[in-house]
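Have a look at the structure below, then the notes.
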Amino acid sequence: MTTICIASGKGGAGKTSFAAALASSMGQKCIFADCDVDAANGAIALGSQNTNKQPYFSGPGFFINKSACTGCGLCERTCRFNAITKEPGSQALKITQELCERCGACAHVCKFNAVQLTEQQAGWLMESQTIRGFPMVHAELEPGEDTSGKLVALVRQKARAMAMDDKLIIVDAPAGIGCPVIASLTGADLLFVIVEASLSGIRDAERLIELANNMKRPMTGIVNKAGLDSDIDAQARNLLKRNGIELLAQIRFDPSLRAVEERDKTWAELEGQSGDEIRAVLQAVKSRITKLDKNGSKHENSNT
Amino acid sequence: MSIEAQCVIAVASGKGGTGKTTIAANLAVILSSSDSVCLADLDVEAPDCLGYFQHAIPIGQPENVEILVPFATSSHCEACSFCTKLCRFGAIVAIGGVVTIDTKLCKGCGLCVMACPQGILEEKPLKIGEASTFIEGSITIVEGRMNVGDIRSTSVIEAAKTKASLQKTKYQIRDCPPGVSCPATHALAGSDYAILVAEPTPFSLHDLGGAIRLCKSLSLPCGVIINKDGFGNADIETLCKNLNVPVLTRLSYGQDRAVQGARGVLWDQDDETSKNLKGVLLNIKNQFQQKNDPRETPSERLEAIL
């Protein structure tokens with residue numbers, strides 16, 4: 001089993017489109033793990049039928065029972081996240097769920113047992129069958145919920161449990177470099193860094209590369225949306241070069257790549273010159289993955 | 001919970017790469033021609049606002065964003081494991097009298113310190129990021145930047161929000177992170193209005209739905225800018241109609257826009273787009289008036305926009 005992860009730092013750099021095209025060209029040899037749980041688009045890109053759906057619970061949240069609260073304010077002073085305020089027109093205090101970090105300090109200090117724990121569903125963990133013949137694991141996080149890192153870990157674990165020895169797990173990571181990205185990178189044998197050939201894309205990829213270096217993940221680079229400004233393309237390639245990352249492929253900025261998604265296709269199924277270029281890129285990517293299988297440079301144990 | 005005397009407009013999206021930062025920067029430029037404005041970069045994992053302001057001058061030193069993390073002051077831990085049982089982040093373990101603290105997982109809530117019966121835990125500050133202030137022309141830019149490898153983006157966002165509110169500008173434009181989980185929620189919380197930037201693609205259509213639900217759960221009025229109009233044919237308009245959210249404007253797409261986006265160029269030379277965005281600000285003002293929003297401050301503050 002080999003796990004590859006696709007990430008970019010910046011949003012909209014082409015992670016999901018690239019990951020879907022790769023998965024589509026791998027066919028039944030892969031499992032797609034959509035780890036962008038708060039903007040999950042893998043199922044749209046691949047065309048899929050849900051086969052299993054489980055509620056996801058992120059752990060209990062804290063609520064103040066108005067009738068038990070005396071309004072003493074101790075919890076308000078204890079909370080370091082400014083999540084507790086006076087309820088308007090009432091003596092009682094209120095926890096703003098969106099700001100609450102669920103540490104439980106309020107419940108610990110309350111002398112009147114007014115802080116209660118309530119478990120609420122925070123999303124769904126799903127398995128689906130894509131119309132391309134391979135399964136995918138994905139999730140939907142309720143808007144405003146935290147612990148997306150935990151849900152990402154569940155998506156990855158489920159994909160691992162489903163994968164046979166010879167399968168490739170393709171992890172589509174979220175934007176940024178935070179908790180869910182770290183959870184997506186964990187256990188990956190190879191990270192595909194998608195560098196959008198824009199100044200912001202380069203800056204954001206640089207922070208991702210720093211993170212992946214700290215996590216000791218092997219990397220390979222793909223420059224996407226190239227050709228708008230040759231100087232910026234060179235800067236994108238230079239970012240990879242000075243970090244000792246190979247440039248595996250460069251994908252041209254091409255509006256027809258976008259158009260293809262509207263017709264339930266991936267980049268891999270595009271006709272004409274754009275399609276030929278993409279298929280050449282995917283071929284290079286596949287050879288790189290095959291090389292990885294042979295080397296057997298796995299990180300199976302770093303699965304937290 | 002709006003910040004005093006400041007009208008706060010958050011720019012968010014759900015999907016990444018739809019044009020949040022570009023639109024936030026341009027709105028700040030438009031407002032700056034008549035009023036004081038602070039652009040708050042709350043995308044602390046991937047901050048990019050400064051890319052639009054090449055001549056921005058730093059004001060003072062970057063401020064360290066710190067949280068308080070525990071440490072054991074003596075080896076007399078009796079291994080009662082109160083701290084271990086109470087910590088909901090798995091950041092502290094007390095076994096055999098040895099306390100092990102993982103400061104990377106700690107959220108700095110202080111619960112273990114309060115709970116330790118031996119009183120051997122104390123706290124020290126740990127830097128998790130920076131909040132910096134810059135000025136270009138009449139625009140103040142506050143940037144939150146989380147340390148690479150950290151996971152406490154929400155604390156950095158809150159620190160940047162506080163710093164932005166202290167600028168005492170009439171307007172604050174927030175550039176929010178993508179997604180709909182905790183970082184986006186913190187960035188949106190406390191603002192007066194959310195502008196959601198969508199592009200006409202199936203991905204953006206899906207993610208916009210989540211962003212609108214998030215705004216509704218925060219009781220935050222919102223409207224949608226359809227950016228890159230013509231780039232795809234996903235029906236953003238119908239989604240907005242069904243969810244009863246106004247489409248504020250459409251900004252057309254062209255190859256030149258893609259080049260400008262790559263270079264991080266403002267749209268201030270483009271009269272039509274500037275006029276469009278001015279109209280958006282006016283539209284927001286009208287929405288406040290129509291709804292007769294009980295919070296008198298935002299509508300009063302928005303009164304002066306145009």
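We use all heavy atoms of the structure for the numbers below, so side chains are in, but hydrogens, waters and symmetry mates are not. Lettering of chains follows the sequences in order, A, B, ..., and the numbering in each one begins at 1.
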### Message
Is A:P88 in contact with chain B via its backbone, its side chain, both, or neither, using a 4.5 Å heavy-atom distance?
### Response
neither

### Task
Side chain from CB out, backbone as N, CA, C, O: work out which of these in A:E140 comes under 4.5 Å of a heavy atom of chain B, or both, or neither.
side chain

### Query
Can you say whether B:F203 sits under 4.5 Å from chain A via the side chain, the backbone, both, or neither, judging by heavy atoms?
both

#### Entry: Point-to-point distance, once rounded to the nearest 0.5 Å, from NZ of B:K107 to CZ of A:R80
14.5 Å

### Task
Kindly say whether B:V180 contributes a backbone atom to a donor-acceptor pair with the side chain of A:D38 at under 3.5 angstrom?
yes

### Query
Do other residues, nucleotides or ligands put more than 12 heavy atoms under 6.0 Å from the NZ atom of B:K216?
yes

### Query
Can you name the one residue among B:C106, B:C109, B:C112 that meets side-chain contact (heavy atoms from CB on, under 4.5 Å) with A:C103?
B:C109

### Query
With side chains defined as the heavy atoms from C-beta onward, is the minimum distance between A:E98 and B:L188 less than 4.5 Å?
no

### Task
With the side chain counted from C-beta on, respond yes when B:Q255 and A:F253 share a heavy-atom pair under 4.5 Å apart, and no when they do not.
yes

#### Entry: Proximal component of B:A211, with respect to chain A [non-hydrogen, under 4.5 Å]
neither

### Message
Could you check whether any side-chain N or O of B:R88 sits under 3.5 Å from a backbone N or O of A:R102, counting only pairs where one atom can act as donor and the other as acceptor?
### Response
yes

### Query
Out of curiosity, A:I44 CD1 to B:S204 OG, how far, rounded to the nearest 0.5 Å?
10.0 Å

#### Entry: Members of residues 208-215 of chain A whose heavy atoms come closer than 4.5 Å to chain B
A:E210, A:L211, A:N214

### Task
Check each atom of B:I67 against the heavy atoms of chain A and say whether the ones under 4.5 Å are side chain, backbone, both or neither.
neither

### Query
Which of the residues B:A258, B:S155, B:P178 is involved in the greatest number of heavy-atom pairs with chain A at under 4.5 angstrom?
B:A258

### Heavy-atom proximity to chain B below 4.5 Å, by part of A:V37
neither

### Message
For A:I232, which atoms come within 4.5 Å of any heavy atom of chain B: side chain, backbone, both, or neither?
### Response
side chain

### Query
Any side-chain heavy-atom pair from B:E158 and A:N82 closer than 4.5 angstrom?
no

#### Entry: Interatomic spacing from CG in B:D150 to CD1 in A:I182 - rounded to 0.5 Å
7.5 Å

### Message
Rounded at 0.5 Å granularity, tell me how far OG in A:S198 sits from CG in B:D48.
### Response
7.5 Å

### Message
So for B:A184, is it side chain, backbone, both, or neither that comes closer than 4.5 Å to the heavy atoms of chain A?
### Response
neither

## Note on the structure
Residues passing the salt bridge (Lys or Arg N to Asp or Glu O under 4.0 Å) test with A:E76, sequence neighbours excluded, are none

### Message
Heavy-atom pairs under 4.5 Å with chain B - which of A:G176, A:C79, A:P180, A:G144 has more of them than the others?
### Response
A:G144

### Message
Heavy-atom count check: over 12 atoms from other residues, nucleotides or ligands less than 6.0 Å from B:F82 CZ?
### Response
no

### Task
Determine the minimum heavy-atom distance between B:D207 and A:A40, stating which atoms define it.
OD1-N, 4.0 Å

### Task
Give, as side chain, backbone, both or neither, the part of B:S153 having an atom under 4.5 angstrom from any heavy atom of chain A.
neither

### Query
Top residue by heavy-atom pair count (under 4.5 Å) with chain A, among B:I151, B:L214, B:V148, B:L111?
B:V148

### Query
Got a second to check how far A:E101's CD is from B:T154's OG1, nearest 0.5 Å?
4.0 Å

### Query
Heavy-atom distance under 4.5 Å to chain B: side chain of A:R207, backbone, both or neither?
both

### Summary
Greatest number of non-hydrogen atom pairs under 4.5 angstrom with chain A, of B:K15, B:M114, B:R263, falls to B:R263

### Most contacts with chain B, counted as non-hydrogen pairs under 4.5 angstrom, among A:P255, A:P174, A:G104, A:G201
A:G104

### Proximal component of B:Y253, with respect to chain A [non-hydrogen, under 4.5 Å]
side chain

### Summary
Of the listed A:P60, A:S8, A:A13, the one with the largest count of heavy-atom pairs under 4.5 Å with chain B is A:P60

### Side chain, backbone, both or neither of A:A197 within contact of chain B (heavy atoms, under 4.5 Å)
backbone

### chain A contact via B:T185 - which portion, at a heavy-atom distance below 4.5 Å
side chain

### Query
Would you say the side chains of A:E145 and B:S181 form a donor-acceptor pair under 3.5 Å?
no

### Message
Counting C-beta onward and ignoring hydrogens, is there a side-chain heavy-atom pair between B:M146 and A:I177 closer than 4.5 Å?
### Response
yes

